[in-house]
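Owing to the predicted nature of the structure, the values given are computational and were not obtained by experimental measurement. Values below: every heavy atom of this structure, side chains too, minus hydrogens, waters and symmetry copies.
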Amino acid sequence: MPVPTHTFDPPFNIIRCSHAVLDVVDLNKSRAFYENTVGLHVEDSDAMAVYLRGSEEHQHHSLVLRKAPVAACSRLGFKVGNDGDLDKAASFFSENGITYGFVEQPFQGRTLQFTDPAGFQLELYASMEKRPHLLRRYDLYKGCHPQRLDHFNVFAPEVQNTVDFYARLGFRLTEYGEEDGPNGRIAAAWMHRKGNVHDLAITNGKGPRLHHMAYWTPTAMNILHLCDVMASSGYLKNIERGPGRHGISNAFFLYVRDPDGHRLELYTSDYFTGDHDHEPLRWSLKDPRRQTLWGAPAPRSWFEEGTPFAGQAVREPAFVADVTIAD
């Protein structure tokens with residue numbers, strides 16, 4: 001399937017991924033997991049929502065937990081360059097038949113929400129309340145010392161169409177997994193705006209669903225420390241995959257599940273991709289180093305389980321990729 005060319009003059013300027021809004025059933029339990037075990041900092045909270053951020057982040061929040069009767073992903077957020085980009089985005093969505101609307105969101109400036117052609121529910125903003133960053137407040141560090149939100153990974157039933165849409169918005173392909181042969185189809189794609197491997201990864205599967213969100217940690221040792229913390233604090237069964245090193249992205253990783261089953265990746269050690277002529281790296285779906293550089297395949301849950309978007313019907317994928325799954 002075709003690899004998209006880089007678009008350097010997109011219709012509006014998305015800077016980076018910014019925040020996730022997750023619906024959770026037990027707000028207190030979810031807060032305790034993300035604050036005390038993972039180590040995010042609670043910036044504000046009330047009876048219905050908790051706002052958290054990493055120690056490097058100036059923005060008010062990169063994760064919002066909302067009390068709800070059913071666990072789901074409410075929205076994924078991206079920051080744009082300035083307020084004018086919101087108007088440019090609204091014009092683009094109107095011209096392309098994409099549902100959108102301006103809304104008021106706590107701690108954020110003017111916010112534009114839309115549902116993309118695949119059914120992913122997103123929001124754009126240019127400004128958010130700022131708080132002093134906590135990078136040097138080592139007395140506040142907990143868990144694995146998460147620094148900043150790094151990326152989202154989503155299950156898309158039509159991978160090629162989704163990749164093409166985000167390429168139009170200026171997302172640039174860094175790596176991709178593809179079937180072998182002359183008619184090979186792209187089964188997963190890693191796309192960025194901020195100059196590392198990805199802000200958004202698009203994975204073949206039942207969707208629209210959130211596969212995971214990821215926070216950057218300072219070192220691999222922080223991730224190993226989280227394994228010890230989870231194993232000794234009642235969360236042993238919540239460790240799903242890893243620790244290990246991906247071939248794709250070169251990142252050292254750990255995947256865990258929160259109390260509602262939302263998947264969280266702790267992540268470090270990927271690389272710079274900001275040059276305009278950076279070439280995408282192709283991986284065969286049969287290369288054992290793709291999933292894990294050391295050859296260990298991912299468990300079945302990693303390919304099949306994800307978080308639905310609130311109110312969106314989940315569709316079967318256009319094709320079933322032939323991938324290696326751990327026994």
(request) Report the C-alpha distance between H211 and R209 in whole Å, list the side-chain angles of each, state the deciding distance to 0.1 Å, and finish with yes or no for side-chain contact (heavy atoms from CB on, under 4.5 Å). (result) CA-CA 6 Å; H211 187 279; R209 292 183 298 163; over 6 Å; no
(message) Using only atom types and a distance under 3.5 Å, with no angle test, would you say the side chain of Q160 pairs donor to acceptor with the backbone of P2?
(response) yes
(request) Please assess Q312 against T115 for the test side-chain contact (heavy atoms from CB on, under 4.5 Å), listing each intermediate value before the final yes or no. (result) CA-CA 10 Å; Q312 291 290 325; T115 301; 3.9 Å; yes
(message) Side chains of Q108 and H61 only: does a donor on one sit below 3.5 Å from an acceptor on the other?
(response) yes
(message) Checking I14 against F171 for the side-chain contact (heavy atoms from CB on, under 4.5 Å) test, could you report, in this order, the C-alpha distance in whole Å, the side-chain angles of both residues, the deciding distance, and whether it holds?
(response) CA-CA 8 Å; I14 293 175; F171 284 76; 3.7 Å; yes
(message) If hydrophobic residues (ILVMFWY) are linked whenever their side-chain heavy atoms come closer than 4.5 Å, directly or via other members, who joins L134 in its cluster?
(response) L140
(message) Contact between Y267 and V197 at the side-chain level, heavy atoms closer than 4.5 Å - yes or no?
(response) yes
(request) Could you label the plane-to-plane angle of the Y138 and Y141 rings as parallel, tilted or perpendicular, counting under 30° as parallel and over 60° as perpendicular? (result) tilted
(request) Scan for side chain to side chain donor-acceptor pair (under 3.5 Å) pairs involving residues 212-227, sequence neighbours excluded, and state none if there are none. (result) S62-Y215, H145-N222, H151-H212, H212-E265, T219-N222
(request) Look only at the side chain of T292 and the backbone of R245, and say whether a donor-acceptor pair between them is shorter than 3.5 Å. (result) no
(request) Could you tell me whether the side chain of K29 and the main chain of D258 form a donor-acceptor pair under 3.5 Å? (result) no
(request) Determine, for R110 against D87, whether the closest basic-nitrogen to carboxylate-oxygen distance falls under 4.0 angstrom. (result) yes
(request) State whether a side-chain donor-acceptor pair under 3.5 Å links D260 with S30. (result) yes
(message) In the structure I gave you, are the side-chain heavy atoms of I186 and E178 within less than 4.5 Å of one another anywhere?
(response) yes
(request) Ignoring hydrogens and angles, tell me if any N or O in the side chain of H133 forms a donor-acceptor pair with the backbone of L135 under 3.5 Å. (result) yes
(message) How close do P208 and G119 get, counting heavy atoms only, and between which atoms?
(response) CG-O, 3.6 Å
(request) Specify the closest pair of heavy atoms between L173 and P280, including all atoms of both residues, with the distance to one decimal. (result) O-CG, 3.5 Å
(message) Per the salt bridge (charged side-chain N to carboxylate O under 4.0 Å, His left out) rule, what does the pair list look like for residues 7-20, sequence neighbours excluded?
(response) none
(request) Among F93, F78, F92, Y100, find the one that has a ring-ring contact (aromatic ring centres under 6.0 Å, His included) with F114. (result) F93
(request) Treat each ILVMFWY residue as a node, draw an edge where side-chain heavy atoms are under 4.5 Å apart, and state whether L76 and M213 are in one component. (result) yes
(request) For the pair N96 (side chain) and I98 (backbone), establish whether a donor and an acceptor sit closer than 3.5 Å, ignoring hydrogens and angles. (result) no
(request) May I ask you to say whether E316 pairs ionically with K206, meaning some side-chain N is under 4.0 Å from a carboxylate O? (result) yes
(message) Please say yes or no: joined through hydrophobic side-chain contacts below 4.5 Å, possibly via intermediate residues, are L149 and L63 part of one cluster?
(response) yes
(request) Find out whether R168 and P4 are in side-chain contact, i.e. whether some heavy atom of one side chain is under 4.5 Å from a heavy atom of the other. (result) no
(message) I'd like to know if the side chain of T324 pairs up with that of R290 as donor and acceptor (distance under 3.5 Å, no hydrogens or angles considered).
(response) no
(request) Ignoring hydrogens and angles, tell me if any N or O in the side chain of S74 forms a donor-acceptor pair with the backbone of D23 under 3.5 Å. (result) no
(request) Mind listing the closest non-hydrogen atom pair of N238 and P259 along with its distance? (result) ND2-N, 4.4 Å
(message) With heavy-atom distances below 4.5 Å as the criterion, would you say the side chains of Y235 and V38 are in contact?
(response) no
(message) Taking the basic N atoms (NZ, or NE/NH1/NH2) and the acidic carboxylate oxygens, is any pair closer than 4.0 Å for K67 and D46?
(response) no
(message) Hydrophobic cluster membership, with links at side-chain heavy-atom distances under 4.5 Å among I/L/V/M/F/W/Y: are F33 and L210 in one?
(response) yes
(request) Taking the side chain as every heavy atom from C-beta outward, state whether P11 and E95 have any pair of such atoms under 4.5 Å apart. (result) no
(request) Verify whether one side chain among W302 and E240 offers a donor that lies under 3.5 Å from an acceptor in the other. (result) no
(message) Taking the basic N atoms (NZ, or NE/NH1/NH2) and the acidic carboxylate oxygens, is any pair closer than 4.0 Å for K286 and D322?
(response) yes
(message) Checking side-chain polar atoms at under 3.5 Å, does S249 have a donor or acceptor matched by the opposite partner on D270?
(response) no
(request) Starting from the C-alpha separation in whole Å, work towards a yes-or-no answer on salt bridge (charged side-chain N to carboxylate O under 4.0 Å, His left out) for D44 and R53. (result) CA-CA 10 Å; D44 277 288; R53 63 181 173 124; over 6 Å; no
(request) Output yes when a side-chain donor or acceptor of R148 lies under 3.5 Å from a complementary backbone atom of G54, and no otherwise. (result) no
(message) Looking at T111 and G109, would you say the former's side chain and the latter's main chain have a donor-acceptor pair under 3.5 Å?
(response) yes
(request) Tell me yes or no: between the side chains of E123 and H19, is some donor less than 3.5 Å from an acceptor? (result) yes
(request) Taking the side chain as every heavy atom from C-beta outward, state whether L27 and M48 have any pair of such atoms under 4.5 Å apart. (result) no
(message) Looking only at side-chain N and O atoms, does R31 offer a donor or acceptor that is under 3.5 Å from a partner on S45?
(response) yes
(message) For a 4.5 angstrom cut-off between non-hydrogen side-chain atoms, does H41 reach P146?
(response) no
(request) Identify the heavy atoms of Q291 and A298 that sit nearest to each other, and give their distance. (result) OE1-N, 2.6 Å
(request) Enter the distance from K79:NZ to N13:CG here, rounded to the nearest 0.5 Å. (result) 11.0 Å
(request) Identify whether the distance between the nearest side-chain nitrogen and carboxylate oxygen of E179 and R185 falls below 4.0 Å. (result) yes
(request) Give a yes or no on whether a salt bridge exists between D199 and R193, defined as a side-chain N under 4.0 angstrom from a carboxylate O. (result) no
(message) Quick one, I223 with L226, criterion side-chain contact (heavy atoms from CB on, under 4.5 Å). Give me CA distance, side-chain angles, the key distance, then yes/no.
(response) CA-CA 5 Å; I223 292 173; L226 182 61; 5.7 Å; no
(request) May I ask you to test the F8-R172 pair for a side-chain heavy-atom distance under 4.5 Å? (result) yes
(message) So, taking the atom named OH in Y125 and the one named CZ in F102, what distance separates them when rounded to the nearest 0.5 Å?
(response) 15.5 Å
(message) When you group the ILVMFWY residues by side-chain heavy-atom contacts below 4.5 Å and let the links chain together, are F253 and Y34 in the same group?
(response) no
(message) Has N204 got a side-chain atom pairing as donor or acceptor with F319's backbone, closer than 3.5 angstrom?
(response) yes
(message) Are V21 and L122 linked, directly or through intermediate hydrophobic residues, by side-chain heavy-atom contacts shorter than 4.5 Å (ILVMFWY only)?
(response) no
(message) For H262 and T307, which I'm curious about, is there any donor-acceptor pair between the side chains at under 3.5 Å?
(response) yes
(message) Using every non-hydrogen atom in the two residues, find where H278 and H6 come nearest and quote the distance to one decimal.
(response) O-NE2, 3.2 Å
(message) Around atom CZ of R282, are there more than 12 heavy atoms from other residues, nucleotides or ligands closer than 6.0 Å?
(response) yes
(request) Considering non-hydrogen atoms only, spot the tightest contact between G242 and L254 and give its length. (result) C-CD1, 3.7 Å
